[in-house]
Amino acid sequence: PTLWTDTFQQRTVEASDILFVVDSSCSMQDEQDELADNFESFIQTFVNSSTIDYHVGVIQGALSASDSENWGILEQLPDGSRWIDQDTGSTAQDKIDAFNQIANVGTSGPGSCEMGLQAARSALTYQSYPGNPNEGFYRDDALLSLIILSDEADHGQDPGDPIFGGGACGGVHPDEF
């Protein structure tokens, strides 16, 4: 028999920016609770490493078509900061508690415009410009991870969408992301 050996090289990254896009429509409470309940196992990897510089942020994925200037703004912690990093609190539990505060975005968002891709694009572009709320979150030298939590397909400007086709929500077309 032939023996094959695959060798993989994984890029070493010293910085990581992780953006959670959480749907805030009326059907999402169970999913938000699950996310908060399981964040501990996720963040332990970062907390237990002294070499990873990380940012963890949360934005809402259900957007109002008439409020585009607020699309993609990171949720705010009680101390005014907008993301979790190695300086958030002094323990892993502090980071978990902080995430639970920002990950539960509620369920009163507009259910007709669930646009996680547009929310992420806004968060990482114009909301990150100097002087805007997300300035400093997204770093050029960091590995970016995007995690979208939703129970619906993205309703941006997808003309093939039988309900929201034609861009009624005003979001980005999935092919543009």
Side-chain angles (χ1 to χ4, degrees), residues 6-63 71-111 113-125 127-128 133-156 174 177:
D6 292 328
T7 304
F8 299 92
Q9 291 184 344
Q10 185 169 347
R11 184 178 130 201
T12 303
V13 178
E14 295 180 10
S16 185
D17 296 336
I18 303 133
L19 181 62
F20 284 85
V21 182
V22 180
D23 182 348
S24 58
S25 63
C26 64
S27 59
M28 286 296 296
Q29 190 61 59
D30 290 342
E31 290 84 352
Q32 290 177 30
D33 291 343
E34 282 278 328
L35 177 63
D37 290 346
N38 290 292
F39 184 72
E40 179 176 359
S41 60
F42 174 82
I43 197 65
Q44 287 299 340
T45 301
F46 297 94
V47 172
N48 293 333
S49 170
S50 61
T51 61
I52 300 176
D53 176 15
Y54 60 91
H55 289 172
V56 177
V58 175
I59 59 172
Q60 294 188 36
L63 307 175
W71 290 356
I73 295 177
L74 290 165
E75 293 295 307
Q76 191 168 6
L77 290 160
D79 69 358
S81 61
R82 294 201 177 265
W83 60 82
I84 299 163
D85 60 19
Q86 53 275 19
D87 296 325
T88 302
S90 57
T91 66
Q93 190 60 51
D94 291 338
K95 291 163 182 39
I96 294 164
D97 292 344
F99 184 79
N100 289 342
Q101 290 172 350
I102 59 175
N104 188 355
V105 297
T107 56
S108 60
C113 289
E114 290 149 313
M115 299 185 295
L117 293 175
Q118 178 63 59
R121 183 181 199 189
S122 298
L124 300 171
T125 57
Q127 296 297 2
S128 293
N134 300 351
E135 179 182 2
F137 172 76
Y138 179 50
R139 300 165 294 172
D140 289 336
D141 63 336
L143 175 67
L144 175 65
S145 298
L146 178 62
I147 302 163
I148 300 177
L149 179 67
S150 182
D151 60 354
E152 290 284 335
D154 195 275
H155 296 302
F177 194 77

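Counting begins at 1 with the first residue of the sequence.
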Quiz item: Which heavy atom in D79 sits nearest to a heavy atom in S81, and how many Å separate them?
Solution: OD1-OG, 2.6 Å
Quiz item: Has the side chain of S128 got a donor or acceptor atom that lies under 3.5 Å from a matching backbone atom of A123?
Solution: yes
Self-check item: Closest non-hydrogen atom pair, I73 against P133
Solution: CG2-CB, 3.8 Å
Exercise. Determine yes or no for a side-chain-to-main-chain donor-acceptor pair under 3.5 angstrom, with T125 supplying the side chain and R121 the backbone.
Key: yes
Quiz prompt | Set of residues satisfying salt bridge (Lys or Arg N to Asp or Glu O under 4.0 Å) with respect to D85, sequence neighbours excluded | solution = none
Practice problem: Report yes or no: does E40 contribute a side-chain atom to a donor-acceptor pair with the main-chain N or O of I96 at less than 3.5 Å? | Solution: no
Practice problem: To the nearest 0.5 Å, tell me how far T107 OG1 sits from D23 CG. | Solution: 10.0 Å
Practice problem: Supply the atom-to-atom distance I84 CD1 to I18 CD1, rounded to the nearest 0.5 angstrom. | Solution: 9.5 Å
Exercise. Please report the shortest heavy-atom distance between D141 and A15, naming the atom on each side.
Key: O-CB, 4.4 Å
Quiz prompt | Gap between atom CD1 of I43 and atom CG of N38 - 0.5 Å precision | solution = 13.5 Å
Quiz item: Distance from L19 atom CG to I148 atom CD1, nearest 0.5 Å?
Solution: 8.5 Å
Quiz item: Taking all non-hydrogen atoms of both residues, which atom of G61 and which atom of A119 are closest, and how far apart?
Solution: CA-CB, 4.2 Å
Quiz item: More than 12 non-hydrogen atoms from neighbouring residues, nucleotides or ligands closer than 6.0 Å to CG on D140, yes or no?
Solution: no
Exercise. Please check if the side chain of N104 supplies one atom and the backbone of A36 the other of a donor-acceptor pair under 3.5 Å.
Key: no
Quiz item: How about Q86 and I52: do any of their side-chain heavy atoms sit closer than 4.5 Å?
Solution: no
Quiz item: Taking E14 for the side chain and D53 for the main chain, is one N or O donor matched with an acceptor at less than 3.5 Å?
Solution: no
Quiz item: Quick one: does E75's side chain have a donor or acceptor within less than 3.5 Å of a partner on G57's backbone?
Solution: no
Quiz item: Does Q127 reach the main-chain N or O of W71 with its side chain, forming a donor-acceptor pair under 3.5 Å?
Solution: yes
Exercise. Grab the two heavy atoms, one from Q60 and one from S24, that are nearest each other, plus how far apart they are.
Key: OE1-OG, 2.9 Å
Quiz item: V58 pairs by side-chain contact (heavy atoms from CB on, under 4.5 Å) with which of I147, V21, I102, L149?
Solution: I102
Exercise. Please say which of F99, Y138, F20, F137 ends up in a ring-ring contact (aromatic ring centres under 6.0 Å, His included) with W83.
Key: F137
Self-check item: Non-hydrogen side-chain atoms of Q118 and L63 separated by less than 4.5 Å
Solution: yes
Practice problem: Verify, without hydrogens or angle tests, whether D17 (side chain) and R139 (backbone) share a donor-acceptor contact under 3.5 angstrom. | Solution: yes
Self-check item: Atom of P78, atom of Q101 and distance for their closest heavy-atom approach
Solution: CD-OE1, 3.0 Å
Self-check item: Pair D33-Q29, side-chain donor/acceptor within less than 3.5 Å
Solution: yes
Quiz prompt | S25 and D151, any side-chain heavy atoms less than 4.5 Å apart | solution = yes
Quiz prompt | Q93/D97 under side-chain hydrogen bond (donor to acceptor under 3.5 Å, both in side chains): CA gap, chis, key distance, verdict | solution = CA-CA 6 Å; Q93 190 60 51; D97 292 344; 2.8 Å; yes
Exercise. Rounded to the nearest 0.5 Å, what's the gap from NZ on K95 to CD on Q44? Could you check?
Key: 10.5 Å
Quiz item: Going by atom types only, do E114 and S150 share a side-chain donor-acceptor pair under 3.5 Å?
Solution: no
